[in-house]
J.: 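A single structure is presented below for examination.
The structure displayed is predicted, hence computed values, not measured ones.
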Amino acid sequence: QQINSALGARQCSRPVFLELSMRIVVLGIGNILLTDEGVGVRTIEALERDYVLPPEVEVIDGGTCGMEMLEQLENLDGLVVVDCVRANQPPATPILLKGDDVPVFFKTKLSPHQVSLSDVLASLEFTDRAPKAIAIVGMQPVSMSLGMELSPEVAAQVPQLVAMTLTELAALGIRAE
């Protein structure tokens with residue numbers, strides 16, 4: 001097979017194949033100094049501790065980051081965000097938002113330290129680099145007080161959030177071991 005380049009044509013001994021694979025990010029966000037605000041980070045820690053994910057899945061501890069995540073989130077096939085979510089549900093209620101419900105998530109900021117994910121996603125949308133699929137896996141907080149431990153009620157639900165995250169990955173064709 002012949003390949004043309006600026007240096008001229010050359011012969012290749014084997015065909016050239018482009019490897020196309022999915023890019024999926026599981027993003028845990030939140031402030032671990034404010035009890036249940038850190039549930040996203042604590043959930044991805046449990047996910048990484050208990051499961052092996054394939055190489056096309058990147059797990060990111062987004063903490064309280066913002067626009068610096070732009071490159072990591074562009075042109076994704078799937079984005080699963082795990083976070084503390086105020087959804088007017090009883091405390092420690094697991095929450096799943098997908099499709100048209102995702103923009104609702106961004107209307108209420110939980111703290112001044114919360115990642116400005118809406119700004120990142122709006123920038124990606126503007127440049128036609130937004131993730132193809134987005135799901136928010138969240139938890140209604142019990143407490144937002146100072147403290148590095150989750151409230152007992154929310155901590156007890158972390159396995160449920162991990163399971164919900166795995167379900168969203170499975171919907172994207174990803175299997176964890």
Side-chain angles (χ1 to χ4, degrees), residues 23-51 53 57-74 76 78-126 129-131 133-169 172 176:
R23 280 190 61 229
I24 297 169
V25 165
V26 177
L27 176 64
I29 56 178
N31 186 339
I32 61 168
L33 301 177
L34 297 176
T35 55
D36 294 342
E37 165 81 5
V39 70
V41 174
R42 299 302 184 210
T43 299
I44 65 159
E45 289 172 350
L47 177 68
E48 288 189 298
R49 181 188 66 233
D50 299 340
Y51 294 91
L53 296 168
V57 177
E58 182 179 3
V59 179
I60 300 174
D61 176 344
T64 58
C65 297
M67 292 302 281
E68 58 270 24
M69 290 190 310
L70 199 59
E71 275 186 42
Q72 290 175 296
L73 301 182
E74 68 183 12
L76 296 175
L79 173 62
V80 181
V81 178
V82 187
D83 196 8
C84 178
V85 176
R86 283 190 191 160
N88 296 320
Q89 297 294 316
T93 299
I95 296 158
L96 176 63
L97 304 172
K98 293 170 33 170
D100 292 339
D101 292 332
V102 171
V104 173
F105 167 73
F106 297 114
K107 289 185 179 175
T108 303
K109 294 218 175 189
L110 295 176
S111 76
H113 304 287
Q114 184 177 2
V115 67
S116 57
L117 189 59
S118 59
D119 296 334
V120 172
L121 294 175
S123 297
L124 292 172
E125 191 71 43
F126 182 72
R129 295 179 183 166
I134 301 173
I136 310 290
V137 173
M139 176 69 63
Q140 180 75 35
V142 171
S143 170
M144 300 288 282
S145 61
L146 281 175
M148 293 188 64
E149 299 294 323
L150 297 174
S151 66
E153 300 91 340
V154 167
Q157 292 291 338
V158 166
Q160 176 66 27
L161 293 184
V162 170
M164 291 168 67
T165 301
L166 292 171
T167 298
E168 292 310 306
L169 290 173
L172 294 167

J.: Would you say D61's side chain and G63's backbone share a donor-acceptor pair under 3.5 angstrom?
T.: yes
J.: Starting at CD of E37, measure out to CG of D83 and round the result to the nearest 0.5 Å.
T.: 6.0 Å
J.: Quick one: does P94's side chain get under 4.5 Å of M139's, heavy atoms only?
T.: yes
J.: I'd like to check I29 versus V82 (side-chain heavy atoms, cut-off strictly below 4.5 Å). Are they in contact?
T.: no
J.: Sort out for me which residue in N31, I32, L27 forms a side-chain contact (heavy atoms from CB on, under 4.5 Å) with V41.
T.: I32
J.: Could you grab the distance from atom OH of Y51 to atom CG of L169, nearest 0.5 Å is fine?
T.: 11.0 Å
J.: Closer than 3.5 angstrom, by distance alone: can the side chain of D36 be matched with the main-chain N or O of V142 as a donor-acceptor pair?
T.: yes
J.: Is there a side-chain contact between L172 and E168 (heavy atoms, below 4.5 Å)?
T.: no
J.: Could you give the distance from CG (L96) to OG1 (T167), rounded to the nearest 0.5 Å?
T.: 9.0 Å
J.: Quick one, V25 with Q72, criterion side chain to side chain contact (heavy atoms under 4.5 Å, CB included). Give me CA distance, side-chain angles, the key distance, then yes/no.
T.: CA-CA 8 Å; V25 165; Q72 290 175 296; 5.7 Å; no
J.: Quick one: pull up CG in L73 and CG in L121 and give me the separation to the nearest 0.5 Å.
T.: 7.0 Å
J.: Would you check if the side chain of T35 reaches a backbone N or O of S143 as a donor-acceptor pair within less than 3.5 Å?
T.: yes
J.: Return the minimal non-hydrogen interatomic distance between G62 and M69, and the atom names on each side.
T.: CA-SD, 4.1 Å
J.: Do V158 and V39 have side chains that approach each other closer than 4.5 Å (heavy atoms only, starting at C-beta)?
T.: yes
J.: Measure across L161 and G138 and return the closest heavy-atom pair with its distance rounded to 0.1 Å.
T.: CD2-O, 3.3 Å
J.: Would one find more than 12 heavy atoms of other residues, nucleotides or ligands at under 6.0 Å from atom CD of E68?
T.: yes
J.: Heavy-atom count around E125 CD within 6.0 Å, excluding the residue itself: above 12?
T.: no
J.: Verify the neighbour count for atom CD of E149: are there more than 12 heavy atoms of other residues, nucleotides or ligands below 6.0 Å?
T.: no
J.: Strictly distance-based, threshold 3.5 Å: is any side-chain N or O of R23 a donor or acceptor partner for the main-chain N or O of E58?
T.: no
J.: Quick one, L47 and L53 - any side-chain contact, counting heavy atoms below 4.5 Å?
T.: yes
J.: Of the non-hydrogen atoms in N88 and Q140, which two are nearest, and what is the gap between them?
T.: N-OE1, 3.4 Å
J.: Do P131 and L124 have side-chain heavy atoms sitting under 4.5 Å apart?
T.: yes
